[in-house]
Undergrad: 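Handing you this structure, nothing more for now.
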There are 2 protein chains.
Amino acid sequence: MTTVADPPQPRRALRSTAKVLPEHARASNRSMVLQLLFHAGPRSRAELARATGLTRVTISDLVASLLAQGLVTELGQQADGKVGKPGTLVGLDAEAFQIVAVDLADDERVHGAVLDLSGAVRERRTAPVGGCTGAAAVEVLLGLCRELVAATTRPVLGVGVGSPGVIDLSGRVLQAPNRGWYDLPLAEQLSAALELPVHVANDADTAALGEFTWGGASGNGLLVLTVGGGVGAGIVLDGALVQGNEHAAGELGHVTALDERDEHDRAPLGRPELCACGRRGCLETVLSVPAMRRRVAGLDAAGRDAALASVGRRLGIVLAPVVSALNLSEVVLCGPEELLGGPLRDAALATLRERTIPVVSSHVQLRMTSLGEHGALSGAAVLVLSGQLGVT
Amino acid sequence: MTTVADPPQPRRALRSTAKVLPEHARASNRSMVLQLLFHAGPRSRAELARATGLTRVTISDLVASLLAQGLVTELGQQADGKVGKPGTLVGLDAEAFQIVAVDLADDERVHGAVLDLSGAVRERRTAPVGGCTGAAAVEVLLGLCRELVAATTRPVLGVGVGSPGVIDLSGRVLQAPNRGWYDLPLAEQLSAALELPVHVANDADTAALGEFTWGGASGNGLLVLTVGGGVGAGIVLDGALVQGNEHAAGELGHVTALDERDEHDRAPLGRPELCACGRRGCLETVLSVPAMRRRVAGLDAAGRDAALASVGRRLGIVLAPVVSALNLSEVVLCGPEELLGGPLRDAALATLRERTIPVVSSHVQLRMTSLGEHGALSGAAVLVLSGQLGVT
DNA sequence: AGCTGTTTGTAAGGACGGTTGCCTAACAAA
DNA sequence: TTTGTTAGGCAACCGTCCTTACAAACAGCT
């Protein structure tokens, strides 16, 4: 009959939406129960019902399916002297599955571990990279994964990998210059070879996940800065990693931190140095471990402290806009404690507070990681927990 | 029987999770259909089914309920010469409801409008603030809202308000010094008085929403900077506003942008000025409209351009870490075109590119808003569209 | 001991949402 | 006219959660 007017022009790409089925609701509720048991410890079914808002009937059903899968176990009666029938405690069984986690941040050796569901490391292995790149580097990684899988004593929930470079949500490495990987579907390849679920993410992102889950993060909004050969950052907002437009969020290492014309701290830091990226004064040229070691070499304690404080001030200047814009609750440093933990941290925090409004700065914390060396490994494990069980 | 070991200590506050019911799946799918019709224009049921992944049966059912509510209408047959039965086009009815939107960013007058579902302004009203604060300011706002509601010619979908200050997700104003509001449940009060759904958010956030929905945003990651009496920012990541730990995300106005010891641009900008917050050199002391007008007053064209370029460079320095950390695709400036649009924008973009790695800076855009004066009003309308229909 | 009230966990039945399978209507191409 | 394709509707089924009802286990009281 009536023909139709021209459709209005599409205004922008649609936000990724997906159909929702009742079974997704089920999965979400199942994850909520697991999340609760994971973080808050064993509970009775009735308590789970109250905490989730679901009915006891539904919780019973969910718990029954989790029991059938072996993910949770009944732990006996609640022994507190309240009125009424005592509940049966149900708890996550940390021994039910094991997780294989691998960290590729180190250029010399690939570090891996087997963890249980509580995040405890059960087994540790490393493999030398030996300068391998491209497909050969994938083989080294795959070999370590096989070795770790062989070392597990329980069914494997999945494999988590933290790698430098730009990595999309599907675990495809868009670019990782250190390994010579470009547009490589790493998760897919590993998954096919190992016949296991594999999750791959940027190493700073996995470090952020680990800190978020196990580092005692307090509020909402966490930035984790990994300081090693380079500088990277992972950001968790509202419980999720920030991806960025090109999956390159967290590229803080190459923000200019030292300006040709700044008088600020000129004496201790000298003129802006040339960076590997071809520009001058990048944060990496002052904050990376090699740069700092070079700067403090041969200095006495006072000189060393002054130099590190200068670096900390530059870091504070770079962090101030980020912390303000996102109203972060926590900034966490990962790297050598002896370089980052002292005057550097203190100066960075002081500078950060100086340069931000109190409503923001009074709540923000700046501290060393509480996970020690293997934060990235724990984070890679969280990647699997999150991907397979919905637990974060 | 067996008593139980101590539960593991809770490690952190749980991420906000909520139970999911099948009816939520229904609401989500309904929103997805509306979203599609909103952004991509009229479609047949079969096309909707293909686009959403749902079956034709389910789509028919959803469309039937939307037809019953008057939100969509059938627009006749598809007239293209393909094989098979031609489909019946179904389109969002922009006339079905109207939206009342109010912007409180201006200290002198409250601006309001009636919009249809396509975002077109149908009616415009303002009310003088007259220095009112506290409850009196609420009364002024309420009066304007009543006037606008009376001016509507269709059922009202809801009321959206953009206000300066820190505002939580429920529309409670935690603090808005300009209006003398502290811990005020504004959305709740307005909703009770008007007997309509009311959504309240920070004005920079609503501006960001408006730009995101109607400004032709390209990629993922948008920061909108509102420049007026002060400076504010709203950030949209992954299709959602960034809230921040204390709902204070976007507080960029009081980041130090001009340092006592910086030589950088000293000549055009002078020594760091005292800011209303009590500190020196905040971004607001160089980028706010009054500050800029004062700086360019009495200068010739060249001097004016140089001064604005200096301001742009300071802005670029502040933005660089944020753009890098979040890998933003777009930074949008809202405010007086004659101040922001020319040398300031150019210098800010150039500085931003100088200070960030190409992988980040090559994709980022920095431009004036395409929504003109009433971006915040459009954004307040999006608040309602999003809250009531799930359309963004 | 026996009763009462409270709390836990399960069972049965109903409501809702989505799917599959099958039907008819409408059209183009052979 | 026949064939193949597409749109849209109807019926039957499955999954998920809810409400209601009930048995079991306990504390506190008489």
Side-chain angles (χ1 to χ4, degrees), chain A residues 1-4 17-33 37 42-68 72-91 390, chain B residues 1-4 17-34 42-68 72-91 390:
Chain A
M1 323 276 173
T2 64
T3 49
V4 175
T17 45
K19 66 172 173 180
V20 179
L21 276 57
E23 70 197 72
H24 298 137
R26 178 74 162 188
S28 165
N29 290 334
R30 193 186 95 120
S31 291
M32 186 166 45
V33 170
L37 294 176
R43 291 292 135 113
S44 73
R45 291 170 176 82
E47 285 171 328
L48 288 171
R50 280 190 294 269
T52 58
L54 295 165
T55 59
R56 292 199 306 273
V57 180
T58 303
I59 290 295
S60 274
D61 196 42
L62 278 168
V63 167
S65 82
L66 291 173
L67 281 169
V72 304
T73 47
E74 295 199 332
L75 300 168
Q77 304 297 110
Q78 257 172 334
D80 45 0
K82 289 187 300 189
V83 297
K85 172 179 169 179
T88 318
L89 280 178
V90 174
Chain B
M1 314 287 171
T2 64
T3 51
V4 176
T17 44
K19 65 173 174 178
V20 179
L21 276 56
E23 71 198 70
H24 297 137
R26 178 74 164 187
S28 166
N29 290 335
R30 195 185 93 117
S31 291
M32 187 166 43
V33 169
L34 286 172
R43 293 291 135 117
S44 73
R45 291 170 177 81
E47 286 171 327
L48 288 172
R50 281 191 293 267
T52 59
L54 294 165
T55 59
R56 292 200 306 270
V57 179
T58 303
I59 290 294
S60 277
D61 195 41
L62 279 167
V63 167
S65 81
L66 292 173
L67 281 169
V72 303
T73 47
E74 295 198 333
L75 299 170
Q77 304 296 110
Q78 258 172 332
D80 46 359
K82 288 188 302 186
V83 299
K85 174 179 169 180
T88 319
L89 280 178
V90 175

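Every chain is numbered from 1 and lettered A, B, ... according to where its sequence line falls, protein lines coming before strand lines. Computed from heavy atoms alone, side chains included, the values below leave out hydrogens, waters and symmetry copies. Since we're looking at a predicted model, the values are computed, not measured.
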Undergrad: Check every atom of D/dT16, C/dG9, C/dT6 against the side chain of A/Ser60 and return the nucleotide holding the closest atom.
TA: C/dG9
Undergrad: To check you understand the geometry: which heavy-atom pair defines the closest contact between A/Arg43 and A/Leu37, and what is its length?
TA: N-CD2, 4.0 Å
Undergrad: Which is true for A/Arg50 with a 4.0 Å heavy-atom rule: it touches a base, it touches only sugar-phosphate, or it touches nothing?
TA: sugar-phosphate
Undergrad: Please report the distance, rounded to the nearest Å, between CG in A/Leu54 and P in C/dG9.
TA: 15 Å
Undergrad: Taking 4.0 Å as the cut-off, does a side-chain nitrogen or oxygen of A/Asn29 come that near to OP1 or OP2 on D/dC17?
TA: yes
Undergrad: Which residue lies toward the 5' end of DNA chain C, A/Glu74 or A/Val83, if each is placed at its nearest nucleotide?
TA: A/Val83
Undergrad: Is the closest side-chain heavy-atom distance between B/Asp61 and B/Arg26 below 4.5 Å?
TA: yes
Undergrad: Of all the heavy-atom pairs spanning B/Arg45 and B/Ile59, show the shortest one and how long it is.
TA: O-CG2, 3.5 Å
Undergrad: The side chain of A/Thr88 is closest to which nucleotide in this list: D/dC17, C/dG9, D/dG8?
TA: C/dG9
Undergrad: Take atom CG of A/Leu21 and atom P of C/dG18, then tell me their distance rounded to the nearest Å.
TA: 7 Å
Undergrad: Round to a whole Å and report the spacing from CD of A/Gln77 to P of D/dC26.
TA: 7 Å
Undergrad: Are the charged groups of A/Glu23 and A/Arg30 less than 4.0 angstrom apart, N to O?
TA: no
Undergrad: Answer yes or no: does a side-chain N or O of B/Lys19 lie under 4.0 Å from OP1 or OP2 of D/dC18?
TA: yes
Undergrad: How close or far is atom C1' of D/dT6 from atom CD of B/Glu47, stated in whole angstroms?
TA: 11 Å
Undergrad: Nearest to the B/Thr55 side chain among C/dT19, C/dG18, C/dG9, which nucleotide is it?
TA: C/dT19
Undergrad: In whole angstroms, how far is the C1' atom of D/dC17 from the CE atom of A/Met32?
TA: 12 Å
Undergrad: Check every strand shown and say whether B/Asp61 touches a base, only sugar-phosphate, or nothing at a heavy-atom separation below 4.0 Å.
TA: nothing
Undergrad: Which one, D/dC18, D/dA25, C/dA26, comes nearest to the side chain of A/Lys85?
TA: D/dA25
Undergrad: Do the side chain of A/Ser31 and the main chain of A/Ala27 share a donor and acceptor less than 3.5 angstrom apart?
TA: yes
Undergrad: Please determine if a side-chain N or O atom of A/Arg26 lies less than 4.0 Å away from the OP1 or OP2 oxygen of D/dG15.
TA: no
Undergrad: Tell me the interatomic distance from A/Leu62, atom CG, to D/dG15, atom C1', rounded to whole angstroms.
TA: 13 Å
Undergrad: Is a side-chain N or O of B/Ser60 found less than 3.5 angstrom from the main chain of B/Arg56, in a donor-acceptor match?
TA: yes
Undergrad: Indicate, yes or no, whether a donor-acceptor pair under 3.5 Å links the base of C/dG9 to the side chain of A/Arg56.
TA: yes
Undergrad: Report which part of the nucleic acid B/Thr58 touches: base, sugar-phosphate, or nothing (heavy-atom distance under 4.0 Å, all strands).
TA: base
Undergrad: Which residue, B/Val20 or B/Gly87, contacts DNA chain D at a nucleotide closer to its 5' end, judged by nearest heavy atom?
TA: B/Gly87
Undergrad: For B/Leu48 and D/dA7, give me the distance from atom CG to atom C1', rounded to whole Å.
TA: 13 Å
Undergrad: Round to a whole Å and report the spacing from NE2 of A/His24 to P of D/dC17.
TA: 13 Å
Undergrad: Closest nucleotide of DNA chain C for A/Arg45 versus for B/Glu23: which of these residues is on the 5' side?
TA: A/Arg45
